[in-house]
Each structure stands twice: as structure tokens, then as C-alpha cells.
Amino acid sequence: MSKLAAYSVDKSSQEYDEYQFTLPDLYRDIAKEELREDDTVREQSLTEMRQWIANNENIWKCRTDAKFLLRFLRYQKFSVPMACEALERYLMMRETYPSWFQNLDCYEAAMKDLYFDGATSILGQDSAGRTVVFFRVGRFVAEKVAPPQGGKFIALLLETMLEWEEVQIGGLQLMVDYSDMDMAIFEKWSTSELRLIMDAYSRLYPMRYNDIHAAKLPKKAVPIVEKLLSFTNPKLRERINCYPTVTEMQKHFEPAMAPKGYGGQVDLDVLNQSVWSRIEQQRDVVLGMDNMEINLDHYAPIWDEMNVSTLSADVSSA
């Protein structure tokens, strides 16, 4: 089966490659202990989810390969009903806002420029299996992160990383250095746009977030960041640790992963080039996601109701 075969063929005629777990034993242990995953549960859950998709008359085209569906099953600890709901929310997001979440092309000059400005580095996996992502916010250029371009850039990275099973199982650890942050990066963002992307990143993409460590947030940026966090999953907010100095934050890098200037020897320029090559390898798969299709007439009112419910829940828990 080709890379894109599972995207656009008729649901009733799809064939599936036999799934093989190829990650190190660390991830098998994490999957069992944290996600309730073993070979039997995985195979049964995939079968049930595929059947649900085949029977859903409002999902017209959808990936049904194991790697894609396992995003949602692992995110929901193999509760098939909850995984199916998460898939629907994800598909609604992509089709309701195509200018934000479709045509995520790493060959696009704007995406490549944003990446090689060096604000975002995917450092790799630590000893606990987490994929560590490092943000140097001061390197974001305000004009380049204006909406929707800035939102698409992070969406591109999330879609790409979700194709990596070590990310699905081990989740992300975020490290954020706010030193020399340019407040202008927020100037062109409306409240509704900020809410859209934060809701997408924390609720609608099936990404598992671990601890978040952040340092040197300017006082004048605190109200904006607090607004951003008000749009995220409350559980995510509980995992954020803030430090007044970068020195305190950098203690949370594992020594072998720490970048130069942050207590280690990792050359981020070299690392970023290597990771970009891996992102390019996923280009056809990420763009192929745009072939998925749902009945928007059916899902539009559900999306509206879902957003109202989410906003009400956030207000009540504030």
C-alpha cells in the first residue's frame, strides 16, 4: 500500500497493513502502564474504530491506517468511544478552518523561514521517552508569526510529530525561554484567533503533554500569556512551571540534550537541519491529510455547540 492509499479510497474497500510495534521496549512499557495498550487491546480497538468509521455516514473520507488511528486511541487510553469523538473533533477543526489547519507544506518558504529562524527546536527523546521541544521565543519574528501563518507553523510541527509513534506514546515536554521576547508578536492576533489556536493545540490535536518549563517571562507579557492559557485544557495549565531565570529552567534539560548556552553541548543549528530533513520526509503524508472529508452540514452545529460548551466550562472553572 502506498503512503497515501489510506486517505482517499472508498471506506468499504480499504485494506490494512498488519501493524507491528517497532519502538524500543521503553515505549512498550509506557504504553502498557500509562495507556492500557497491549497487542490484544490494540488490535481489537483498531478493528472497532475502523468499523465505526465505515458505518459513519458523515465521515466520507478518512485515514484508517493504524498509525493514524492510534493517535486518538492512545490519547484516550484506548477508550474507543472517546477516541472516535476525538477523531470527529479533529476532523471538524481541520475542515471548519482550512486556512489554519490544511495545506501544511514544509516546502512553503514561510514555513521554512519560521523554522530556521531557530525559535523552535525538537531536541529528541529523553530517558523517560518524552520528546523535548525547545522554544526560544525571542527568535520569533513578529511579521512571520502573524495569523494564520504562525498558527499553521505550529500545526505543521504537531501533525508531523504525531506521525512519530514515540511522540504518540511518550508525549511532549516543552521548554520555553522567553528572553528578549518581542511583544509585537501578539499585536495582529485577535482574541478569537488566539482562542482558536490554543484550543486546537491543547484539546483538538491528540497530543499528550507532560511538564512544561518556562523562564524569563516579561512582566508586561504576563496578562497576554494568562489569556492564552485561559483557552487551554485546565490539566495542561497544572503542568506549567515558571522560573525567574533561564539557569533555573535549564536544570530540567537532561545533560545529553542540553543545548549550547543552556548547560550542554548540543549544536541547535546542526540539530535543526537534521530534524527538518525528517519533517520533509513526512511531507506527502501531512499534505495527504487534506484528502479527508466530512459532511460539514451535519457537523457545523455540533462544532458550534462544542465551542459554547468548552467556553462555558472554562468560565465556570476559572
Side-chain angles (χ1 to χ4, degrees), residues 7 71 86-122 133 135-163 172 174 176 181-207 209 221 224-233 236 276 279-280 282-294 296 299-300 302-304 306-308 310-311 314:
Y7 292 103
R71 294 181 176 195
L87 171 60
E88 284 187 298
R89 291 195 298 269
Y90 166 83
L91 293 173
M92 281 189 276
M93 171 192 75
R94 285 184 55 90
E95 291 216 35
T96 303
Y97 296 97
S99 63
W100 291 81
F101 304 112
Q102 293 190 25
N103 192 31
L104 304 176
D105 190 353
C106 62
Y107 284 2
E108 184 180 332
M111 297 296 100
K112 191 169 184 178
D113 285 349
L114 269 168
Y115 182 80
F116 283 105
D117 282 340
T120 310
S121 298
I122 301 171
V133 180
F135 292 98
R136 291 178 288 178
V137 181
R139 288 177 172 252
F140 279 122
V141 179
E143 310 88 72
K144 296 182 182 180
V145 295
Q149 183 170 287
K152 286 185 67 175
F153 173 68
I154 301 299
L156 168 63
L157 298 182
L158 289 175
E159 287 284 17
T160 301
M161 287 191 288
L162 281 167
E163 286 295 308
L172 298 185
L174 305 184
V176 187
M181 175 178 139
D182 182 358
M183 293 295 294
I185 64 176
F186 296 116
E187 288 180 355
K188 295 185 178 181
W189 289 81
S190 68
T191 297
S192 61
E193 288 169 333
L194 291 173
R195 180 173 186 269
L196 171 63
I197 61 163
M198 295 308 293
D199 204 33
Y201 301 159
S202 69
R203 290 187 176 93
L204 301 175
Y205 278 109
M207 183 65 77
Y209 293 97
I224 297 174
V225 172
E226 287 181 341
K227 178 186 286 188
L228 280 170
L229 293 177
S230 73
F231 302 139
T232 65
N233 187 322
L236 180 64
W276 187 253
I279 291 171
E280 289 181 324
Q282 300 293 145
R283 178 177 181 265
D284 288 348
V285 173
V286 171
L287 288 175
M289 307 280 261
D290 296 351
N291 292 328
M292 295 190 291
E293 188 177 357
I294 61 175
L296 269 180
Y299 281 114
I302 298 174
W303 173 266
D304 292 339
M306 181 183 73
N307 284 337
V308 170
T310 299
L311 183 58
D314 286 346

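- Counting heavy atoms from C-beta outward, Tyr97 and Gln102 have side chains that stay 4.5 Å or more apart.
- The two residues Gln149 and Lys144 have their closest heavy-atom pair at NE2-O, 2.6 Å.
- How far CG of Asp304 is from OG1 of Thr96: 8.0 Å, rounded to the nearest 0.5 Å.
- Looking only at distances, a side-chain donor or acceptor of Lys152 sits under 3.5 Å from a matching main-chain atom of Asn103.
- When all heavy atoms of Ala221 and Met183 are compared, the closest pair comes out as CB-SD, 3.6 Å.
- We find the CG-CG distance between Leu162 and Leu157 to be 11.0 Å, quoted to the nearest 0.5 Å.
- Looking only at distances, a side-chain donor or acceptor of Ser202 sits under 3.5 Å from a matching main-chain atom of Asn233.
- Using a 4.5 Å heavy-atom cutoff, the side chains of Asp199 and Phe231 are not in contact.
- In this structure, Ile294 and Glu88 have side chains that are not in contact, with every pair of non-hydrogen atoms separated by 4.5 Å or more.
- A salt bridge is absent between Glu108 and Arg283; no separation between the charged side-chain nitrogens and carboxylate oxygens falls under 4.0 Å.
- With contacts defined as side-chain heavy-atom distances shorter than 4.5 Å, the pair Val137/Ile185 qualifies.
- Across Thr120 and Tyr115, no two heavy atoms sit closer than the pair O-CE1, 3.9 Å.
- A distance of 12.0 Å separates CD1 of Ile224 from CG of Leu229, quoted to the nearest 0.5 Å.
- Under the 4.5 Å side-chain criterion, counting only non-hydrogen atoms from C-beta, Met111 is not in contact with Cys106.
- Between the Trp189 side chain and the Val145 main chain, a donor and an acceptor come within less than 3.5 Å of each other.
- Inter-residue side-chain proximity for Met181 and Phe186 is flagged as met; some heavy-atom pair is nearer than 4.5 Å.
- The side-chain heavy atoms of Tyr205 and Met93, taken from C-beta on, include a pair separated by under 4.5 Å.
- Ring orientation note: the planes of Phe116 and Trp276 are nearly perpendicular, at an angle over 60° on the 30°/60° scale.
- By the 6.0 Å contact criterion, NZ on Lys112 is open, its count of non-hydrogen atoms from other residues, nucleotides or ligands being 12 or less.
- For the pair Leu287 and Leu104, the tightest heavy-atom approach, listed with the atom from each and the gap, is CD2-O, 3.6 Å.
- Here CD of Glu163 is found 12.5 Å from CD1 of Ile279. Values are rounded to the nearest 0.5 Å.
- A donor-acceptor contact shorter than 3.5 Å links the side chain of Arg94 to the backbone of Phe101.
- Interatomic distance, Arg195 CZ to Ile197 CD1, rounded to the nearest 0.5 Å: 12.5 Å.
- For Lys188 against Glu193, the heavy-atom pair with the smallest separation is O-OE1, 3.6 Å.
- Using a distance-only test at 3.5 Å, with no hydrogens or angles considered, no donor-acceptor pair links the side chain of Asp117 to the main chain of Arg139.
- Between Met207 and Leu172, the shortest heavy-atom distance links the atoms SD-CG, 3.6 Å.
- Two residues are said to be in side-chain contact when any heavy atoms from C-beta on lie closer than 4.5 Å; Ile154 and Phe135 meet this criterion.
- Interatomic distance, CD of Glu95 versus OH of Tyr299, reported as 10.0 Å (0.5 Å rounding).
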